[in-house]
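Count residues from 1 along the sequence. Just follow the structure's listing: the first ligand is 1, and inside any ligand the first atom is 1. Please read these numbers as outputs of a predicted model, since none were measured by experiment.
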Amino acid sequence: MDTFTGRTVLITGASTGIGRALALELARAGARLALTARDAARLGATAAECAALGAEVLAVPGDVAVAADCRTAVARTVERFGALDVLVNNAGMTMWARFDQLADLGGLERLLAVNYLGAARVTAAALPYLKSARGLIVAVASIAGLTGVPERTGYAASKHAMVGFFESLRIELESCGVGVTIVAPDFVKSELHKAALGPDGRPLGKTPMDEPRIMTSEECAHLMMGAIARRQRLLITSRRGRLGRWARLVAPGLVDSLAARAIRLRR
Ligand SMILES: NC(=O)c1ccc[n+]([C@@H]2O[C@H](COP(=O)([O-])OP(=O)(O)OC[C@H]3O[C@@H](n4cnc5c(N)ncnc54)[C@H](OP(=O)(O)O)[C@@H]3O)[C@@H](O)[C@H]2O)c1
C-alpha cells in the first residue's frame, strides 16, 4: 500500500493509547476512519480529534467480546464508506498477577474473550470486504505473544493465541491477496496497565510501570504506520524484543532471565 489516502481503516480499541495515536496518524495521512471501543465518550473525543485533522470519521461504540457488536462495527463501516481496506485488531486488556496468586481463573477467560476471540470475531465479519479490497489485517499482539513473561500468564496466553491465529490465517489468505501484519509492541505508555486485572480479578487502578522509561503510544503508532504501508509480516517495536526472538533459539534460559528482569524493573 503506497498511501493511506482514501483508504478505509477500521481500528478497534481506538479511544485511547496506541489505537488513538494510530487513528490520529492515519487521519493526518488522509485515511477514512471507523473507530470502535466501549466508552462512547472517549471514543467520540478521539473521533473529533481525527475530524479536526480533516478525516472522514465514523465512531461505533461496542465491545469486541460481544459478537453482535463486532458485526455491527464492520457493517456500519461498510455502510458508511462502501469498502474496508485495513482492519486493525488493537482492542485489548492485560493482567499483572502471578498465576499462583490468582483468586480464580475468570480473568484468564476474559483475556481470551477480548484479546483473542474479539480479534477473531471482528476479522470474521470483515473478511468478505477485505478480500474484495485485497486489503490488510493488522493484529496488535505483544512481545508477550512471542515469549513467556512472568506475572502475565493469562495475557501471554491470549497474545500467543492471537499470534498463532493470525500466522495461520495469513497462509490461508495468501491466494486472496489479503495480507496480515502482526505487531508485537514492547512496553508502551497507555491506559493498559492502569486498567490491568490484578490477582483479585479487579483493575489495578494505577500503573505499575516505570512510565518515563517506556515508549509512548505515539512512537508505537508511528512505527506501525511504516509496517502497515509496507504490509510487513511482523513488527517488533524494541531492540531487546528483536534480539530476544533470535536469542530464544540458542539461549532460551537467558531470554527467560531478561523477561524476569524487565518485569522486576517494570520497564
Ligand atoms: N501498552 C503496552 O505496554 C502494550 C504492549 C504490548 C501490546 N499492547 C497491546 O496494544 C493494544 C492497545 O493497548 P494500549 O496499550 O493502547 O492500551 P489502552 O490505552 O488501554 O487501549 C486499549 C483500547 O482497547 C479498548 N478496549 C478494551 N477492552 C475492549 C473491549 N472489550 N471491546 C472494545 N474495546 C476494548 C479500550 O477502550 P474502552 O475501554 O473504551 O473499550 C481502548 O481503546 C492492546 O491489544 C494491548 O494488548 C500494549
Side-chain angles (χ1 to χ4, degrees), residues 10-25 34-47 49 59-70 72-74 88-96 107 109-122 138-147 149 151-152 154-163 166 182-197 203-205 207-211 213-221 223-224 235-238 240-241 259 262-263 266-267:
L10 169 58
I11 308 175
T12 71
S15 58
T16 61
I18 297 168
R20 171 182 168 276
L22 184 67
L24 293 172
E25 281 253 9
L35 311 178
T36 185
R38 292 165 304 171
D39 185 320
R42 289 194 308 190
L43 187 67
T46 300
E49 287 183 272
V60 191
D63 185 337
V64 295
V66 176
D69 287 5
C70 298
T72 300
V74 172
V88 183
N89 284 300
N90 167 75
M93 59 181 294
T94 194
M95 69 177 273
W96 278 93
E109 289 179 23
R110 179 76 188 150
L111 283 154
L112 278 177
V114 173
N115 293 355
Y116 161 49
L117 291 173
R121 282 191 195 98
V122 182
V138 181
V140 184
S142 169
I143 284 185
L146 304 176
T147 194
V149 184
E151 298 188 42
R152 321 298 297 282
Y155 181 67
S158 69
K159 294 297 187 178
H160 272 74
M162 244 187 125
V163 170
F166 284 106
I182 295 174
V183 181
D186 201 321
F187 287 131
V188 175
K189 210 181 295 184
S190 72
E191 300 298 311
L192 190 79
H193 300 285
K194 197 165 69 179
L197 303 181
L204 293 178
T207 178
M209 301 301 305
D210 184 359
E211 295 242 313
R213 310 288 293 264
I214 61 179
M215 178 179 273
T216 64
S217 291
E218 287 71 23
E219 287 166 331
C220 183
L223 293 176
M224 287 170 65
L235 168 67
I236 300 176
T237 63
S238 66
R240 69 178 176 184
I263 293 303
R266 303 297 202 229
R267 60 182 155 85

Apply the test side-chain contact (heavy atoms from CB on, under 4.5 Å) to residues Asp186 and Met215: give CA-CA distance (whole Å), side-chain angles for both, the deciding distance (0.1 Å), then the verdict.
CA-CA 8 Å; Asp186 201 321; Met215 178 179 273; over 6 Å; no
Any side-chain heavy atom of Val140 sitting closer than 4.5 Å to one from Pro185?
yes
Pair Leu10-Val122, side-chain contact (heavy atoms from CB on, under 4.5 Å): steps then yes or no
CA-CA 10 Å; Leu10 169 58; Val122 182; 4.3 Å; yes
Please determine if Glu211 and Lys194 form a salt bridge, counting it only when a charged side-chain N lies under 4.0 Å from a carboxylate O.
no
Over 60° means perpendicular and under 30° means parallel, so classify the ring planes of Phe187 and His193, tilted if in between.
perpendicular
Which residues share a side-chain contact (heavy atoms from CB on, under 4.5 Å) with Ile236, sequence neighbours left out
Ile143, Leu146, Ala184, Leu234, Arg242, Arg245
Can you list, by chain and residue number, every protein residue with a non-hydrogen atom closer than 4.0 Å to ligand 1?
Gly13, Ala14, Ser15, Thr16, Gly17, Ile18, Ala37, Arg38, Asp39, Arg42, Gly62, Asp63, Val64, Asn90, Ala91, Gly92, Arg110, Val114, Val140, Ala141, Ser142, Tyr155, Lys159, Pro185, Asp186, Phe187, Val188, Ser190, Glu191, Leu192, His193
